[in-house]
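These notes are about the structure you will find just below.
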Number of protein chains: 2
Amino acid sequence: MEDNSLDNRKKKVLQAIVEEYVNTAEPVSSTALTEHEELNYSSATIRNEMADLEKAGFLEKTHTSSGRIPSEKGYRYYVDELLKDDNISLEEIKYISEKLETKVNEIEELTKITTTTISEITHYTTVAIGPEKEAQLIEEMKFVLLGPRMLMAIILTNNGMIKETIIKFEEDITDKQVETIGYMFNQKLRGQPLAVIDVPLEEYLINEMKYSVKVIKPIIEQIKKAIDQDRQIYLEGANKSFDLPEFNSLEVAKNFVNVIDEKDLVADMLNTGFAEDINVYIGEENEKQELKDFSIVTFKHRVGDKDLGTIGIIGPKRMNYSKVISVMKYINNKLNNKNIE
Amino acid sequence: MEDNSLDNRKKKVLQAIVEEYVNTAEPVSSTALTEHEELNYSSATIRNEMADLEKAGFLEKTHTSSGRIPSEKGYRYYVDELLKDDNISLEEIKYISEKLETKVNEIEELTKITTTTISEITHYTTVAIGPEKEAQLIEEMKFVLLGPRMLMAIILTNNGMIKETIIKFEEDITDKQVETIGYMFNQKLRGQPLAVIDVPLEEYLINEMKYSVKVIKPIIEQIKKAIDQDRQIYLEGANKSFDLPEFNSLEVAKNFVNVIDEKDLVADMLNTGFAEDINVYIGEENEKQELKDFSIVTFKHRVGDKDLGTIGIIGPKRMNYSKVISVMKYINNKLNNKNIE
DNA sequence: GATTAGCAATCGAAACAAAAGAGTGCTAAA
DNA sequence: TTTAGCACTCTTTTGTTTCGATTGCTAATC
């Protein structure tokens, strides 16, 4: 294993290069760095440091005589060791607070608001997805007849979400039947994760409880379907990415549209391992090949102990990690203390 | 008013140019046209015809010595007079039929399926929006208590749509109250358009019917909000547009992403005047300036007499109008005869 | 030993020029 | 009315030159 420790001046140089490059999107030259107040050396000295940093893999050149840009390893070191997470202004704090205090009737609205706010503050494309069905426990189920052959099933979960779906039958259903179904489902499912609504349950109800296939099968099938496809994805500020110089490359732009157009890919992207509440994936660190030109910052989104899913920012590798992570940390904190009844 | 009648040969030339340009995206030269079987003339003759058509405003040149491309007037003439609407293969018919016969529990699913299918067959970006609230009549309303201060309102409309929303109160609500509310709302609103749920109704219920503000106000407000924002927009195949040569221009690409990212704009776009079931807007014919580089084909989407909203294709002016309109007509016909219970 | 000044070398970007190719418009002939 | 023929126009491509930014290295300096 190579030695990745850097002395103080090298750290400063690396940090300055990342921050400068994030701002300008242009390779950073040794002369430009001498203007940094903490780097009171001649350009030649900086050049030597840069050469060392390149040899160690933290920097790259676009061609022999160009300035340097951070490598993925460079970004990674920056994110892990150098980044400041207080890169958020008073105005931004105020704006975010106001947004998050909006009264919401449905908990999903809060996700929407948060997603939009993050996109507005960071100027990056932001996506969100609801919690996984394994993580949501059924608190109560209600069944409402909407017509002789049409039933609405409503599921209230422990994280405050409400899912409803319509089930159509091929024969009439009576009020009495609905009542029994309600009683039975609640008995069986209260406290269970949503994922439990699946074929084994269907078989149990039909075989053990002797319930009519014609009634049970459509209910289970439709609820399962609704739960699966109900993991709706919000997408905010897709156009914002197009103002970035990276998107002058048609290939990158096309790649980006392909990614955000592919809902499954976005879902996967938001669901990759969660060591921390906030996770950063830089370029090739992303599991999906399509994302190798981008960086993703994901963020477990909860209010108190209620898991509301994951919000993710997708931007260029030259992302303003400091701003993004500062904003996420602030929101994270704010939401944890939020009072939702 | 200028004379826009064209003799037969000119029509053939114009049609050939449109179709050739739609295929190749390259200006069409006189020599290329001589290879069309119906145009057995020398390139010089064709050149003369092209010069006439240009003078009359149907064609344009990109520069002095280039081939011709259709002008917007040219496309318009083509769409109105020359286009064949049987540009659909047996395989496509089969594919569409199968898709449209999928059993759906919720009527919105049918819109999704149709939208996806159109995008798959035409290879253009396709959007859909539900019917306007003026066009939907309330058939029945149900209210279900989900908690002491949480009520679900369900509205069934005459076009088979089901809208539900959650209302939260600041004080407890009793079963008795819910029952009265249900009775009252149904009495008052059955047969009325969704648009009726608004402030005047709120005032009437509070002043005339002496109902508690604390109960009525949140209900009306939340239902209104839900109806307004529930006009969800489906978007399919945004990435498909990026394969078109038009999108090699960054400006066009950016413009496109801006358009589809702006939900209100898409909604407006789908709601502009409806002379016919299928409407074509070419370039500058679009009311919105942002759409001047694109053509939109919209299509009133109904099953029997049930209005399901509007589906629209957005593509380059060099759109394959013939294919798009053939597909829409076929689907239109197919849906009209569809049996949904 | 660390730092710096100085300078040749390298490469990209921009400007310019020349050549090739595609297509038209027009004239005069069929 | 149609067509052959040809000069003319404009784009695209390719090559060349110049300019400027930046580096790496060497030798001098602190």
Pairs flagged by ring-ring contact (aromatic ring centres under 6.0 Å, His included) wherever residues 62-91 of chain B is involved - sequence neighbours left out: F58(B)-Y77(B), Y75(B)-Y321(B)
OP1 or OP2 of dG24(D) under 4.0 Å from side-chain N/O of K61(A): yes
R9(A) CZ - dA2(C) C1' separation (whole Å): 8 Å
Cation-aromatic face contact R9(A)/Y41(A), 6.0 Å, 45 degrees: yes
Whole angstrom value for the distance that separates C1' of dT22(D) from CD of E60(A): 17 Å
d(OH, Y41(A); C1', dC30(D)) in whole Å: 14 Å
Side-chain touch E54(A)/M50(A), heavy atoms, less than 4.5 angstrom: no
Stretch residues 42-50 of chain B: residues that reach within less than 4.0 Å of DNA chain C through a heavy atom: R47(B), M50(B)
Selection: residues 14-39 of chain A, any non-hydrogen atom under 4.0 Å of DNA chain C: none
Value in whole Å for how far the C1' atom of dG23(C) lies from CZ of R68(B): 9 Å
Crowding at NZ, K288(B) (>12 non-hydrogen neighbours, <6.0 Å): no
Pairs involving residues 316-326 of chain B, ordered by first then second residue, that meet salt bridge (charged side-chain N to carboxylate O under 4.0 Å, His left out) (sequence neighbours left out): E72(B)-K317(B), E92(B)-K323(B), E246(B)-R318(B)
Derivation of the side-chain contact (heavy atoms from CB on, under 4.5 Å) call for K10(B) and D52(B): CA-CA 9 Å; K10(B) 285 205 172 53; D52(B) 288 353; 3.3 Å; yes
Any side-chain heavy-atom pair of I296(B) and I313(B) under 4.5 Å: no
T126(A)-T115(A) side chain donor-acceptor pair, cut-off 3.5 Å: no
Short side-chain donor-acceptor distance under 3.5 Å, T31(B) and T34(B): no
Extract from the structure each pairing of a protein N or O with an N or O of nucleotides 10-14 of chain C at less than 3.5 Å, listing the distance.
from    : atom 1 : to     : atom 2 : distance (Å)
dT10(C) : O3'    : T64(A) : OG1    : 3.3
dT10(C) : O2     : S65(A) : OG     : 3.0
dC11(C) : OP1    : T64(A) : OG1    : 2.9
dC11(C) : O5'    : T64(A) : OG1    : 3.3

For atom CD1 of I69(B) and atom P of dT11(D), their distance in whole Å: 14 Å
Any pair counted as ring-ring contact (aromatic ring centres under 6.0 Å, His included), so long as it reaches residues 236-266 of chain B, sequence neighbours left out: F242(B)-F247(B), F247(B)-F256(B), F256(B)-F294(B)
Length of the CG-P vector between D52(A) and dG24(D), whole Å: 10 Å
Intermediate values then yes/no, salt bridge (Lys or Arg N to Asp or Glu O under 4.0 Å), K254(A) and D243(B): CA-CA 8 Å; K254(A) 206 163 148 176; D243(B) 290 329; 2.9 Å; yes
